[in-house]
Amino acid sequence: MAEDKPHIRGVGLTKYFGGVLALNAVSLEFFPGHVVALVGDNGAGKSTLVKILSGIHQPDAGEIWVGDTQLTHLSPHRARAYGIETVYQHLSLCDNLDAAANVMLGQEPVRLRIGPFRVIDKVRSVEEARRRISEVGVSLDDFSKPVRSLSGGQRQAVAIARAMVNAHRLIMFDEPTAALGVRQTKATLDLVRRVADQGVAVILISHNLDDVFAVADRVVALRLGQVMLDKPFKSTTREEVVACMTGLSFRSQTPQ
Ligand SMILES: Nc1ncnc2c1ncn2[C@@H]1O[C@H](COP(=O)(O)OP(=O)(O)OP(=O)(O)O)[C@@H](O)[C@H]1O
Ligand SMILES: [Mg+2]
C-alpha cells in the first residue's frame, strides 16, 4: 500500500508561544498507508505539530510540503481542501443532530435550489452517510438518533467517518482513545488501521504505548519540542521509546 513519496512533509517546523519553544525545528515525513504514532510527555509539542499541519497555528519557521507544492499560510479551510483532517479527543460533533447529519454537515446532497435556498435531499444524505460510516467498518442500527445518545465508540466512528469525507491525504488523531474503554479502544485502533489501509497517511497521538505498538508503522517521540526518535516500530522497543520521551539515558543497540 505504501508508496515511495510522502504525502506530507514538514521541514524545520518551529513554533514559539511567547517565550516557550513548543516545536524546535521538527522535520518529518508522512507516507500514504502508514500510521505514525506521535508520542511524548505532556507539553512535548504533539498537539502543536498537529495544529500546524491542520492550519490552526502558523509556524514561526519551517515549511510544509504536499508533494512538490509548498503550503504557505495554511488555514483550516485550505488544509481541508488539500485533504488534511483532524479528529480531536473532544469530538466536535453536534450532539443534537443525528449521525447522518453530522457526517454530511455542510455537504448534504441538494434536491432543489431556489435562489439562495437549498432543499436537502434527506434520503440520499442518509444513504451516503450510511455508506461512509460502514466504510470505516461500523454499523449503526439507527441513523435518526441524536449522536448524544450514542456510545463513545459509535461517536468516534461518526467523527472519523466525517473526517474521512475529505481526508484523502492525511488524517490526524489527537488522543482518540483517551476517554474510551478497552473494547472501544480496540475498535478505534482497528478503524485507524483501516483508514490507513485506504491509502491515507495517518498520525496517531497516544499516551498509551499499547495502542502505539498495536497499530503504528513508525514511532516518533517528541521531547521539549524536538524529535528524539523516528523509527519503524519494528526496529525500536518500548524501553527506547520511553527513554526518548523522558530523556532518561538509554543506549540503543540498533544502528539508526
Ligand atoms: N495556545 C497556546 N498558547 C500558549 N502556549 C501553548 C499553546 N499551545 C501549546 N502551548 C505550549 O506549548 C508546549 C507544547 O504544547 P502541546 O499542547 O503541543 O503539547 P502536547 O505534546 O500535545 O501535550 P499533551 O500530551 O499534554 O497534550 C507546552 O509548553 C504548552 O504549554
Ligand atoms: Mg496535546
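Since the structure is predicted, the reported quantities are computational estimates derived from the model, not experimental observations. Indexing begins at 1, ligand by ligand and atom by atom, following the structure's order.
Using a 4.0 Å cut-off to heavy atoms of Ala44, the atoms of ligand 1 that qualify are 19 (O), 20 (P), 21 (O). Close approach of ligand 1 to Ala22 (heavy-atom distance below 4.0 Å) involves ligand atoms 12 (O), 13 (C), 14 (C). Distances below 4.0 Å separate heavy atoms of His207 from the following atoms of ligand 1: 25 (O).
For atom 9 (C) of ligand 1, the closest non-hydrogen atom on the protein side is Phe17 CE1, 3.4 Å. Nearest protein heavy-atom contact of atom 18 (O) of ligand 1 is Thr48 OG1, 2.5 Å. Given atom 29 (O) of ligand 1, the protein heavy atom at minimum distance is Val20 CG1, 3.6 Å. From the protein, the heavy atom lying nearest to atom 27 (O) of ligand 1 is Glu175 OE2, 3.8 Å. Of the protein's heavy atoms, Ser47 CB, 3.7 Å lies nearest to atom 17 (O) of ligand 1. For atom 23 (O) of ligand 1, the closest non-hydrogen atom of the protein is Gly43 N, 2.8 Å.
For Asp197 and Arg193, the salt-bridge test passes: some basic side-chain N is under 4.0 Å from an acidic carboxylate O. Looking at Lys122 and Asp98, a side-chain N of the basic residue comes within less than 4.0 Å of a carboxylate O on the acidic one, giving a salt bridge. Ionic pairing of Arg132 and Glu128 is present here: one or more N-O contacts between side-chain nitrogen and carboxylate oxygen are shorter than 4.0 angstrom.
Contacts between Leu23 and ligand 1 below 4.0 angstrom, taking non-hydrogen atoms only, are absent altogether.
Contact annotation: Gly45 has at least one heavy atom less than 4.0 Å from an atom of ligand 1. For Lys51, the closest heavy-atom approach to ligand 1 does not fall below 4.0 Å. Residue Leu49 places no heavy atom under 4.0 Å from ligand 1.
Note that OG1 of Thr69 and CD1 of Ile64 are 13.0 Å apart. Values are rounded to the nearest 0.5 Å. Rounding to the nearest 0.5 Å places CD of Gln58 at 9.0 Å from OG1 of Thr72. Of the inter-residue distances, the one linking Ile203 atom CD1 with Arg218 atom CZ reads 12.5 Å to the nearest 0.5 angstrom.
Residue contact annotation: Thr48 places no N/O/S atom under 2.8 Å from the Mg ion (ligand 2).
Within the cation-pi definition used here (under 6.0 Å to the ring centroid, within 45° of the axis), Lys231 does not qualify as a partner of Phe233.
For atom 25 (O) of ligand 1, the protein comes within 4.0 Å by at least one heavy atom. Inside a 4.0 Å radius of atom 13 (C) of ligand 1 there is at least one protein heavy atom.
In this model, no donor atom of one side chain and acceptor atom of the other lie less than 3.5 Å apart for Asp60 and Thr14.
Contact annotation: the side chain of Val26 never approaches that of Gln226 to less than 4.5 Å [non-hydrogen atoms, C-beta and beyond].
More than 12 heavy atoms of other shown residues, nucleotides or ligands fall within 6.0 angstrom of atom CZ in Phe17.
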